[in-house]
Amino acid sequence: MKPRMASRPSAPPIVSGRILRRSFYAQPTVEVARALLGKILVHSEGSSKDNRAGRIVETEAYLGTTDPAAHSYRGVTPRTKVLFGPPGHAYVYFIYGMYYCLNVATEKEGTGGGVLIRAIEPLLNVTEPGNGPGRLTRAMGITLAHNGADLTRGPITIRETKQSGSFAIGVSARIGIREAADWPLRFFVSGNPHVSRGR
DNA sequence: GCTATGATCATA
DNA sequence: ATGATCATAGCA
């Protein structure tokens, strides 16, 4: 008979990928937005068996003080200071009274670039849909408490994936904005069912 | 201090 | 098309 439980707990292989380094996030914002597709978002608080993970399948670039749609367009405020800080930190904001959205700060300190993570494909301990920026934070347990967190340190990290599976990158206008609405700065894994819309 | 509004989502 | 629901920004 098979034992009901494994005798030894094993770390889920999906969270063992190498953590992206700060130099990754220091690249131009559009490059980071494209390169984040296929990477693994990991939330590891508490016991490792409770780690949550999802594969990033949709992103949007927000360019900073040159981008009228960016929160950082009007410069540093208490809210946007993380975007102007060093790259590789989480910018989390609260929207519509009920949702959190996760971004990563890009480019060198002093610039306001960031990438909004818009959708993940659930991989591990994610029991809600990840298709949409407000949904993925709920599914991953990400809140304002994570604003400013260093993504190279945890508890939230983004990791390289071993199965390199190549895919086509779709491009479109960004969703839900008015200014600069036609800039082609949304990127997604073409055809992936967890993309929020317009696969 | 006060008010308008939003990088959303579910429901109709 | 509309409502839920509140942190933030801009203004007084």
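Convention: sequence-line order gives letters A, B, ...; per-chain numbering from 1. The structure displayed is predicted, hence computed values, not measured ones.
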What pairs meet the salt bridge (Lys or Arg N to Asp or Glu O under 4.0 Å) rule with one or both residues in residues 63-91 of chain A, with sequence neighbours excluded?
->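 Salt bridge (Lys or Arg N to Asp or Glu O under 4.0 Å) check on residues 63-91 of chain A returns A/D67-A/R174.
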Stepwise ring-ring contact (aromatic ring centres under 6.0 Å, His included) test for A/Y93 and A/H71 = CA-CA 10 Å; A/Y93 65 90; A/H71 287 178; 4.5 Å; yes
5' to 3' on DNA chain C, which nucleotides open and close the contacts with chain A (atom under 4.0 Å from a heavy atom)?
->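 Terminal contacting nucleotides, 5' to 3': C/dA4 to C/dG10.
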Could you pull out the closest heavy-atom pair between [X] and [Y], with the gap in Å?
{"X": "A/I158", "Y": "A/L41", "result": "CG1-CD1, 3.9 Å"}
{"X": "A/G130", "Y": "A/L136", "result": "O-CB, 3.7 Å"}
{"X": "A/G64", "Y": "A/S72", "result": "CA-OG, 3.3 Å"}
{"X": "A/V32", "Y": "A/V104", "result": "CG1-CG2, 4.4 Å"}

Selection: residues 66-87 of chain A, any non-hydrogen atom under 4.0 Å of DNA chain B |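 When residues 66-87 of chain A is checked for heavy atoms under 4.0 Å from DNA chain B, the hits, listed by number, are A/A69, A/H71.
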Span that lies between the C1' atom of C/dT2 and that of B/dT5, in whole angstrom =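 Per the computed distance, 16 Å lies between those C1' atoms.
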Determine the stems involving DNA chain B; a stem requires 3 or more consecutive pairs of the Watson-Crick or G-U wobble kind, each with both distances below 3.5 Å, and the answer is none if no such run exists.
->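 As far as DNA chain B goes, consecutive pairing (with distances under 3.5 Å) yields the stems B:1-6 with C:6-11, B:8-11 with C:1-4.
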Taking 4.0 angstrom as the limit, do A/R18 and A/E160 come out as a salt bridge?
->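 No, this pair does not count.
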Partner residues of [X] under the salt bridge (charged side-chain N to carboxylate O under 4.0 Å, His left out) criterion, sequence neighbours left out:
{"X": "A/R22", "result": "A/D150"}
{"X": "A/E179", "result": "none"}
{"X": "A/R21", "result": "none"}
{"X": "A/E128", "result": "A/R138"}

Using a distance-only test with no angle check, is there a side-chain donor-acceptor pair under 3.5 angstrom linking A/Y25 and A/Q27?
->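 Note: A/Y25 and A/Q27 side chains miss the donor-acceptor criterion.
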Residues from residues 169-192 of chain A sitting under 4.0 Å of DNA chain C, heavy atoms only?
->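 None - not one residue of the stretch has a heavy atom sitting under 4.0 Å from the strand.
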At under 4.0 Å between heavy atoms, what does A/G97 touch on the DNA or RNA strands: base, sugar-phosphate, or nothing?
->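 Counting heavy atoms under 4.0 Å across all strands, the contact made by A/G97 includes a base.
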Can you list every ring pair (Phe, Tyr, Trp, His ring centres under 6.0 Å) pair that touches residues 113-138 of chain A, not counting sequence neighbours?
->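 Qualifying pairs: none.
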Taking only residues at least two apart or on different chains, which pairs with a member in residues 30-58 of chain A satisfy ring pair (Phe, Tyr, Trp, His ring centres under 6.0 Å)?
->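 Every pair satisfying ring pair (Phe, Tyr, Trp, His ring centres under 6.0 Å) with a residue in residues 30-58 of chain A: A/H43-A/H146.
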Are A/T59 and A/R186 close enough that some pair of their side-chain heavy atoms sits under 4.5 Å apart?
->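 No; the side chains remain at least 4.5 Å from each other.
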N/O contacts under 3.5 Å, protein versus nucleotides 3-5 of chain B?
none

